[in-house]
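First comes the structure, then the notes that go with it.
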Amino acid sequence: MVVTRANIKPERRSTFDQVASRVVKTLPNQPGLITYSLRREIFGTQEWTMTVWRSAQARDAFGGSSAHRDAMKLTSTLVNEFTVQRFVIRRDELALSWTDALARLPVAGAGNE
């Protein structure tokens with residue numbers, strides 16, 4: 001599983017959303033993807049993703065895809081902070097809630113980006 005948190009620069013929100021949308025559109029066709037969920041503050045600057053993969057190889061292949069690679073090149077210009085947390089979950093944990101997933105992220109601003 002991979003959980004991300006982005007603290008988007010307010011003036012770059014529209015561009016971030018466009019870039020993220022291009023990546024999200026590729027998710028349903030990614031080999032090895034089990035499920036994904038997106039979360040965002042409607043009027044804020046925080047966005048999160050949660051993806052579950054069949055294997056580390058499938059996850060890494062997505063990370064190397066052109067859509068994801070191109071988006072990551074722009075990320076540093078669009079966000080104030082970006083955190084990624086990867087961890088293994090058991091099959092019986094797949095009903096993981098956002099509360100559970102976010103609790104696994106490092107504390108924002110703690111230098112764990």
Side-chain angles (χ1 to χ4, degrees):
M1 170 178 266
V2 180
V3 179
T4 68
R5 176 185 55 238
N7 179 350
I8 305 152
K9 295 177 181 178
E11 70 278 7
R12 304 294 293 186
R13 176 68 186 255
S14 177
T15 302
F16 181 90
D17 288 346
Q18 290 170 8
V19 170
S21 178
R22 286 194 294 265
V23 175
V24 169
K25 287 179 182 176
T26 72
L27 283 172
N29 298 319
Q30 293 300 319
L33 179 71
I34 295 172
T35 191
Y36 68 95
S37 183
L38 310 170
R39 181 178 175 165
R40 67 190 283 191
E41 293 176 333
I42 294 173
F43 298 110
T45 60
Q46 302 288 317
E47 291 198 14
W48 300 265
T49 65
M50 181 177 6
T51 55
V52 179
W53 302 90
R54 292 195 187 284
S55 67
Q57 293 82 5
R59 178 199 66 212
D60 294 347
F62 168 69
S65 69
S66 60
H68 190 266
R69 235 184 14 256
D70 293 347
M72 295 316 309
K73 287 178 188 175
L74 296 172
T75 297
S76 66
T77 66
L78 304 175
V79 301
N80 293 313
E81 177 183 23
F82 189 77
T83 303
V84 178
Q85 187 72 33
R86 294 176 188 95
F87 48 92
V88 175
I89 63 172
R90 295 183 321 264
R91 187 174 298 272
D92 63 340
E93 294 178 301
L94 281 178
L96 191 70
S97 71
W98 270 109
T99 301
D100 295 334
L102 296 179
R104 296 177 186 226
L105 282 173
V107 175
N112 296 314
E113 293 70 54

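Heavy-atom basis, side chains included; hydrogens, waters and symmetry copies ignored. Note that this is a predicted model, so its numbers are computed, not measured.
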Student check: side-chain heavy atoms of [X] and [Y] closer than 4.5 Å:
X	Y	result
S37	W48	no
I34	W53	no
L78	K9	no
V23	F62	yes
T45	N7	yes
V2	T49	no

Salt-bridge criterion met for D17 and R40 (N-O under 4.0 Å):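 Salt bridge: yes.
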
Note: E47-R13 ion pair, threshold 4.0 Å (strictly below): yes

Quick one: [atom1] on [X] to [atom2] on [Y], what's the gap to the nearest 0.5 Å?
X	Y	atom1	atom2	answer
Q18	R12	CD	CZ	10.0 Å
R86	D60	CZ	CG	7.0 Å
H68	T75	NE2	OG1	7.5 Å
I8	Q46	CD1	CD	7.5 Å
Q85	R5	CD	CZ	9.5 Å

For M1, the option from T35, V52, V88 that meets side chain to side chain contact (heavy atoms under 4.5 Å, CB included):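 That would be V52; it is the only one of T35, V52, V88 passing the side chain to side chain contact (heavy atoms under 4.5 Å, CB included) with M1.
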
Nearest atoms (heavy-atom pairs only) where A58 meets P31: CB-O, 3.6 Å

